Structure formats: C-alpha cells, structure tokens
> 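Take this structure first; my questions come after.
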Amino acid sequence: MNGAQHILQAFQQHSITTVFGYPGGCIMPLYDALVGDASVEHVLCRHEQGCALAADGYARASGNLGVCIATSGPGATNLITGVANAFQDSVPLLVITGQVPSELIGTDAFQETDVLGMTLGIVKHSYLVDDADSLPDILIEAIALAQSGRPGPVWIDIPKDILLTQVNPEAADQKEREGCDSAEPRTDSATHNGAIDKGINETLRLLRAARKPLLYSGGGITLASAEDSFREFAEHSALPGVVTLKGIGNPGRHNPNHLGMLGMHGCRAANRAVDECDLLLVFGARLDDRATGKPETFAPNAKIIHIDADSAEFHKIKAAVLTISADLNDVLHALTCGVKAQPLNIEAWQKQCRTWLTTGGFQAADNEEALAPITGPAFVRQLSRIASDDTIISCDVGQHQMWVAQYYQFNHPRQHLTSGGLGTMGFGLPAAIGAQFAQRDATIINVTGDGSFMMNAQELATIRRYRLPLKIIILDNQCLGMVRQQQELFYENRESHINLDDNPDFVAMARAFDIPALHINRTDQVRRSIETILAYKGPMLLHVAIAREENVWPTVKPGGSNREMIENTKSAKKKTEESAA
C-alpha cells in the first residue's frame, strides 16, 4: 500500500474512527484513499481552523485522540491557532498535513510553507517525513506521544510524493517501534516509586500539621481520568477546595466544601481562602497568571505541595516545599487511605470557609420583573437549573465564558469545554461540533458572544451538512464585552474599536442554514426559550439580547493581586444610596 493508504490502516489499528479535515492539492492522495473506506468517518468542516478546534472539542469531550487533516500552505497555517489552543490546554491531537513534493521543498513552490519551523513552539513534537518507509513508525510514535504523559498535539507534515509512494513497513527502523518510550524520560522504577512514597508520607505529615489546608485542582485531573479518585479524596479529607477554569466540575455539583473558581474572575470566597490558607495542595494545575494574579502575593502564608504529571510546571510560578511527579490516581488513592486512617482536624477552618462562601460567593440576583432586560449571570443560572446534569457546554471566549464558569453548575469537567490557556475566540462552535461527534446522544450547547460567534460562523454549514442537534445560544451585547469592560475600568472608559452594533440578524442568518432560531430580550422570555431549544430534536439557535454595559464581577486588574478584587462599583454605589435614603 502507499503512504496515504497506510495512514488509514494506522487509524484503524489505533481505533481512530472520526477525523476532521479539509482537502487540497498536496493532501489529495489521502483523500483519494478515503474513497470507499468505511472505517473512518471524515467530517468536512468549512475552515481549517474549524477542523483543528472540532478535533480539540472531540478530544475534550471523549478523552480520545482528536485528529485533523489539511493541505500545505494556507491549509497548514489555518490550523495553527487551533493547534496552539490544544497545546496550551494539553489536549491530545494528531495533526496531518500534506506538503509539496520532496524535490520542491526549499524552492518556494506553490503553497509551500515551513510547517516544521512554524509549529515548534505549539506541539509536543513535529515530523517532516523524508522517507516513505519511516512513515509507519512515525505514526506509531506520534499517536502514542500525543496521548502519553502530559497530552498535547503532535504534527506530521508529509510531502505529496511520500503519500503516493509504496510503503515497506519491514524496512523501517525497529527502534522507532518503541513508540513514545524513546521520547519520554526514563527513570529507575524502584527509585522513582520510593520517591513518590516518601512524597506521599510527607504530604500526609504536612496535612496533619496544617490548620488551614486548601485543595487546589486544575485540568490535570481530567487529563489523568482521575475524577473519581479526586472526589473520593475530597470527600474523605473534607478539605475546602478551589478550582481553576479548567478544573471546573472536578468536585461535582454537590461537594459542601467546594468554594468555586479562583483567580481574576474567581469567587471572593475562593480567593480569600487561598490568601488565608497555611497549606496549599495543588493537583494537576500550572498556577497560571489568570489564577494566581501577582505571584508574590499569591498564597502568602502557605506551604505549597505541587503534584502533577509534568515536572516542568514545578517552581515555574511559585516555589513549592514539596513536589510529586506521578500519576494522579495513584497519589490520590494513597492520600485517601492516609486520611481515612487518621482523619484531619480542620472543623474550624471548614466553618470559616463556608462562612466566606455564604457572604462572598457568586451572588447573581434573578430579576423578577417580567419586562426587565436580561442579564448574563441570571440567564446562565437559569440555563443551569433547566439543563440536564449530563449536558455539555462549549464556550467561546469573553464575558459569557466567565459567566458560565461562575454560575453554571457542572457535574463533570468533561462537560465544560472552554479555551483556557490561549483564550481563542471562535473556539466554541467548532468545539461543540467535535463534542457532538464524540457524544452522539448528548445535549451539546454552544454558549457564545456576538463577537466570538462571528469568528467561525461558517461552521453553521457543518451543522446543517451532518444534521447535528446542536444548540447555540448567543449572548449579544453588540460589543467586544470583555475588552470594553477593561477599557471602562482600567483605561478611563476610553472605548476603542469595540462596537459591534452592525451585527447581522442572527435569527435570519441561522435560518439561512435551515436552523430554526428565536430572539428574546425580556426576562419573562428566558425560561420558555431555554425549554424550547432543549426540547427541539434538531439544531436550534437562541439569540439573547443583553445590556451592553453589563460587566463580569468580581474582577482583578491584570497583573494585580487577587486580594484586590474589584466588586460591582455601580451596584455598591446604588446600595450606598439606598442605605442613605
């Protein structure tokens, strides 16, 4: 078989059944091989960025490898944003692109780009295949590498002539058949396990000595499929806990000690607990700037224990007194056994944290006036109440993203698809498409803003082509809301190029793609509209007009300390005036 046919055989051998792509000249041999091949479902998106983001959403929702395919030149460059998004959020992705024929590389041939050079900083590894017989082993290694350790994207760039060349797998270098083992660091297992046991024992000692210990979890819990282990430890330790944006859903909906998301738009109770704790137990999080704020003022009284699969994250932002690089399931199980044998004595700290949550949690007041304008927080909270526990929400980036993080109650982290590290506008719709292919029978909702929606609105055609029952909710404030908010708060309200008051008629736009749509602008329309779109068997769009001036509260100035959270200044002023009256 030729190189293209061997790629399809590798997909079948590794149980890859769904790929997202867009054809072109140099990848055409692979598309020719797809003709008549029933083992792989190819999803034709309407833009290569949509392909990459759909593969990303597929991987997040399923836990399996996402695969995207494009041609050389602009096909490859259009993938880059989506691949960078996956890299930042540690999403396992296999990226395959065609390249100009081998003899033309370096000649500035038509649609030639240096994919290897351009992608070095946004992938775990990248390959430019220069020999057809090496392709089988490259595929084995790439598929394993993308999913091993800390997952991430791996890119294979294949010249067109190699896709057409007959492959002799037996001639390949057998050392490559070790897969990702050759790319992962080797350790002496006895020494490694001894170090882990020592770290676990020291963690338990520090936990028992602490009076204000706090559990801090991130997206690494999901990457390790450690949700059950994490919840068992959280339950038996009864530690108050906070989560990052990607860690939302880790404790489930009903953990009584969960304080919410921390960071720039986090819950005041969560940030207060971090500020006051004397021991911070970090699981699967990288302590990024949106979570920590100004590093010098983050957890100033705490000893930090950092547990992660990727040791490169240790001491990068904050120095830890103890680090453990290991499978999170193993560590969590051992710690659970430890706290079962000797329970922690932290009742006073638990009580204090719950008091903070009562007085400093997210407080979105439902507007009971029927004709009142719709507010973002109240809408999201109503959506959370009505949607089923297994609904998957795919967010775009902006104010609506933070309202979902603050007010939607997620039962599992794989139900919350959001662009955390890169903050990619246009992520939500193609990611929702990918999630729908991963979870065919699930209810998938893309919650987006008017700015983000227009970034990849062409993927409405993909929804129509495949008759996907996706629900789309546009919270429309006719501006780039998060940018406007920062201009208001930190740039003396000097608005610069944020108006989107020339938005199209989103209802008419949806209907042009044979997608039914509704428009609402009053509070009394919210419940029925949500119930309507959820009950409808096919795709449906809900256009929600919200106030332009509405902000995300609380907030922290970029680079500022989390202890200096800014509350709703207008609300505070109104309360003061009412009290004075």
Side-chain angles (χ1 to χ4, degrees), residues 3-23 26-27 29-31 33-34 37 39-45 48-72 75-76 78-99 115-116 118-120 122-129 134-158 162-163 176-177 179-180 182-184 223 430-431 433-435 437-438:
Q5 292 165 335
H6 186 82
I7 290 171
L8 297 186
Q9 183 185 70
F11 287 169
Q12 190 171 8
Q13 290 171 342
H14 290 86
S15 301
I16 295 170
T17 58
T18 306
V19 301
F20 303 85
Y22 202 96
C26 287
I27 197 67
L30 180 55
Y31 277 82
L34 280 167
D37 188 291
S39 64
V40 177
E41 180 178 23
H42 177 279
V43 180
L44 176 65
C45 297
E48 289 90 353
Q49 185 182 114
C51 298
L53 294 173
D56 181 312
Y58 178 91
R60 291 184 199 236
S62 66
N64 298 324
L65 181 68
V67 180
C68 57
I69 301 169
T71 194
S72 63
N78 281 343
L79 289 175
I80 284 178
T81 295
V83 175
N85 188 81
F87 181 73
Q88 286 283 78
D89 284 352
S90 303
V91 176
L93 219 62
L94 177 65
V95 186
I96 295 176
T97 50
Q99 182 56 274
V115 171
L116 191 71
M118 286 190 299
T119 62
L120 284 175
I122 59 167
V123 294
K124 286 187 73 174
H125 195 64
S126 55
Y127 304 84
L128 173 59
V129 183
S134 69
L135 181 58
D137 291 327
I138 286 175
L139 284 162
I140 291 170
E141 183 175 278
I143 290 169
L145 184 59
Q147 300 173 91
S148 66
R150 180 175 182 168
V154 176
W155 196 311
I156 307 177
D157 196 36
I158 312 174
I162 287 179
L163 290 170
E176 296 290 347
R177 293 197 180 277
C180 69
S182 61
E184 296 292 326
L223 297 178
I433 289 171
F437 278 98

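In this text, all values refer to a predicted model and were calculated from it rather than measured experimentally. Residues: numbered from 1 along the sequence shown.
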> Write down the atom of Ala146, the atom of Leu93, and the distance for their closest heavy-atom approach.
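Minimum heavy-atom separation between Ala146 and Leu93: CB-O, 3.7 Å.
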
> Give me the atom names and distance for the closest heavy-atom approach of Ala84 to Ile122.
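Reported closest heavy-atom pair: CB-CG2, 3.8 Å.
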
> So Asp157 and Val95, do their side chains get closer than 4.5 Å, heavy atoms only?
no

> Check whether any side-chain heavy atom of Val123 lies under 4.5 Å from a side-chain heavy atom of Val83, and answer yes or no.
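The answer is yes, as the side chains (C-beta and beyond) meet within the 4.5 Å cut-off.
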
> Minimum heavy-atom separation for Leu120 to Ser126, with atom names?
CD2-OG, 3.9 Å

> Not counting sequence neighbours, which residues clear side-chain hydrogen bond (donor to acceptor under 3.5 Å, both in side chains) with Asn64? List them please.
none

> Work out which heavy atom in Leu79 is nearest to a heavy atom in Trp155; give both atom names and the distance.
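That would be CB-CH2, 3.9 Å.
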
> Do Asn85 and Thr81 have side-chain heavy atoms sitting under 4.5 Å apart?
no

> Between Gln9 and His6, is a side-chain contact (heavy atoms from CB on, under 4.5 Å) present by the stated rule, with each step listed?
CA-CA 5 Å; Gln9 183 185 70; His6 186 82; 3.4 Å; yes

> List the steps and the verdict of side-chain contact (heavy atoms from CB on, under 4.5 Å) for Phe20 and Val67.
CA-CA 6 Å; Phe20 303 85; Val67 180; over 6 Å; no

> Using modelled atom types and a 3.5 Å cut-off, is there a donor and acceptor pairing between side-chain atoms of Tyr31 and backbone atoms of Tyr22?
yes

> I would like to know whether Ile96 and Val19 meet side-chain contact (heavy atoms from CB on, under 4.5 Å); could you show each step before the answer?
CA-CA 10 Å; Ile96 295 176; Val19 301; over 6 Å; no

> ring-ring contact (aromatic ring centres under 6.0 Å, His included) with His14: which residues, sequence neighbours excluded?
none

> Quick check: do Leu128 and Val115 have side-chain heavy atoms less than 4.5 Å from each other?
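Leu128 does not reach Val115 side chain to side chain.
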
> Test side-chain contact (heavy atoms from CB on, under 4.5 Å) on Thr119 and Phe87 and set out the steps.
CA-CA 11 Å; Thr119 62; Phe87 181 73; over 6 Å; no

> Hey, what do you get for OG (Ser72) to CD1 (Ile158), rounding to the nearest 0.5 Å?
12.5 Å

> Could you report the tightest heavy-atom contact between Leu53 and Gly82, atom names first, then the distance?
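Looking at all heavy atoms of both residues, the closest pair is CD2-CA, 3.7 Å.
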
> Count the heavy atoms of every other residue, nucleotide or ligand shown that sit under 6.0 Å from CD of Glu41, and state whether that count exceeds 12.
yes

> For Phe11, give me all partners under ring-ring contact (aromatic ring centres under 6.0 Å, His included), at least two apart in sequence or on another chain.
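Residues passing ring-ring contact (aromatic ring centres under 6.0 Å, His included) with Phe11: none at all.
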
> Please tell me if the side chains of Val40 and Ile16 come closer than 4.5 Å, counting only heavy atoms from C-beta onward.
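When only atoms from C-beta onward are counted, Ile16 and Val40 do not touch, as no gap falls below 4.5 Å.
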
> If we only count heavy atoms from C-beta on, is the Pro23 to Leu44 side-chain gap below 4.5 Å?
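Pro23 reaches Leu44 side chain to side chain.
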
> Using a 4.5 Å cut-off on heavy atoms from C-beta on, say whether the side chain of Ile69 contacts that of Cys51.
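No, side chains not in contact.
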
> Which pair of heavy atoms, one from Ala70 and one from Gly75, lies closest together, and at what distance?
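Shortest heavy-atom separation between Ala70 and Gly75 comes out as CB-O, 3.6 Å.
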
